Amino acid sequence: MPLPPSRPRSGPRRRTLLASAAGTAAALLAACSTGSSPGRPAARPTPSADELALTRAAADSTGLAALYDAVLAAHPGLGARLTPLRDTALRHAEVLAERAGRKASPSPSAASSAASPSASAPSATAPSASASGPAVPGEEKQALRLVADAERDLAGRRTRELSGLGGEPARLLASVAAAGAVHVYLLSDD
């Protein structure tokens, strides 16, 4: 007995239906995994230890740049020596913030200072203090020592944090700490 003649199919084929069902299921699963629903915004994920450390390091670099600004305001004659180091601290803040997944603070004066003014030796002249920055010793040598001490403390703190970080964040923080150690050398008495 001969088979009846095949007629052309008018609807979708089985493979097409299975492929579209699989694609739809994948899209639904992806939408569910983002933690959002149509009526409520997606929850912000908890930052990792690496992100927190890089965010803290970015804030520290911004504070360090504010200290440089305060010293430069009190001692404009140190501009040639300190401006490149200040610019480096700002660049570190930008890169660290970028790697931490947030935008860098636009103003270094908005962040707190990285060093305490009490860490410097007492000055023979009255220290100058601005409303938004730390007290800066009146003598240039002591002002340089204040910045060098802040750089040294920050480089040491960053070095101690390295053991708790993953590979890439640890390498980044190590290079920034090394740059801080170089700044200490450049700020040391000649």
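As the structure is a prediction and not an experimental result, all values here were calculated from the model.
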With a cut-off of 3.5 Å and sequence neighbours excluded, list every side-chain donor-acceptor pair involving residues 160-167.
{"from": "R160", "atom 1": "NH1", "to": "G156", "atom 2": "O", "distance (Å)": "3.3"}

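- Put simply, the side chain of H75 reaches to within 4.5 Å of the side chain of L78, judged on heavy atoms.
- Put simply, CG on L90 and CG on L85 are 11.5 Å apart, with the number rounded to the nearest 0.5 Å.
- Annotation: side-chain hydrogen bond (donor to acceptor under 3.5 Å, both in side chains) contacts of H183 (sequence neighbours excluded): E151.
- Under the 4.5 Å side-chain heavy-atom criterion for ILVMFWY residues, a single connected hydrophobic cluster contains both V71 and V182.
- Atom CG of residue L96 and atom OG1 of residue T55 lie 9.0 Å apart, to the nearest 0.5 angstrom.
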Decide salt bridge (charged side-chain N to carboxylate O under 4.0 Å, His left out) for R99 and E168; before the verdict, give the C-alpha distance in whole Å, the side-chain angles of both, and the deciding distance to 0.1 Å. CA-CA 10 Å; R99 296 292 169 93; E168 187 64 28; 3.6 Å; yes

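- With sequence neighbours left out, E140 forms a side-chain hydrogen bond (donor to acceptor under 3.5 Å, both in side chains) with no residue at all.
- Between atom CG of residue D69 and atom CZ of residue R86 there is a gap of 4.0 Å, rounded to the nearest 0.5 Å.
- The distance from the CD atom of E139 to the CG atom of L146 is 13.0 Å, given to the nearest 0.5 Å.
- Residues H92 and L64 are not in side-chain contact: their nearest non-hydrogen atoms beyond the backbone lie 4.5 Å or more apart.
- For the pair D60/R157, a side-chain contact is recorded, criterion being any heavy-atom separation below 4.5 Å from C-beta on.
- Atom-to-atom distance recorded for E98:CD and L172:CG is 10.0 Å, nearest 0.5 angstrom.
- In this structure a side-chain-to-backbone donor-acceptor pair under 3.5 Å is missing from R152 to V184.
- Listed here is the closest heavy atom pair of P76 and A73: CD-O, 4.0 Å.
- Pairing each heavy atom of S188 with each of R81, the nearest pair is O-NH2, 3.2 Å.
- Residues L154 and R158 meet the side-chain proximity criterion, which asks for heavy atoms closer than 4.5 Å.
- Residues G180 and A155 share a closest heavy-atom pair of C-CB, 4.3 Å.
- For the atom pair CG (L72) and OG1 (T83), the distance works out to 5.0 Å, reported to the nearest 0.5 Å.
- Contact check for L82 versus L144: side-chain heavy atoms found under the 4.5 Å cut-off.
- When atom types are taken as modelled, the side chain of S61 and the backbone of A58 share no donor-acceptor pair closer than 3.5 angstrom.
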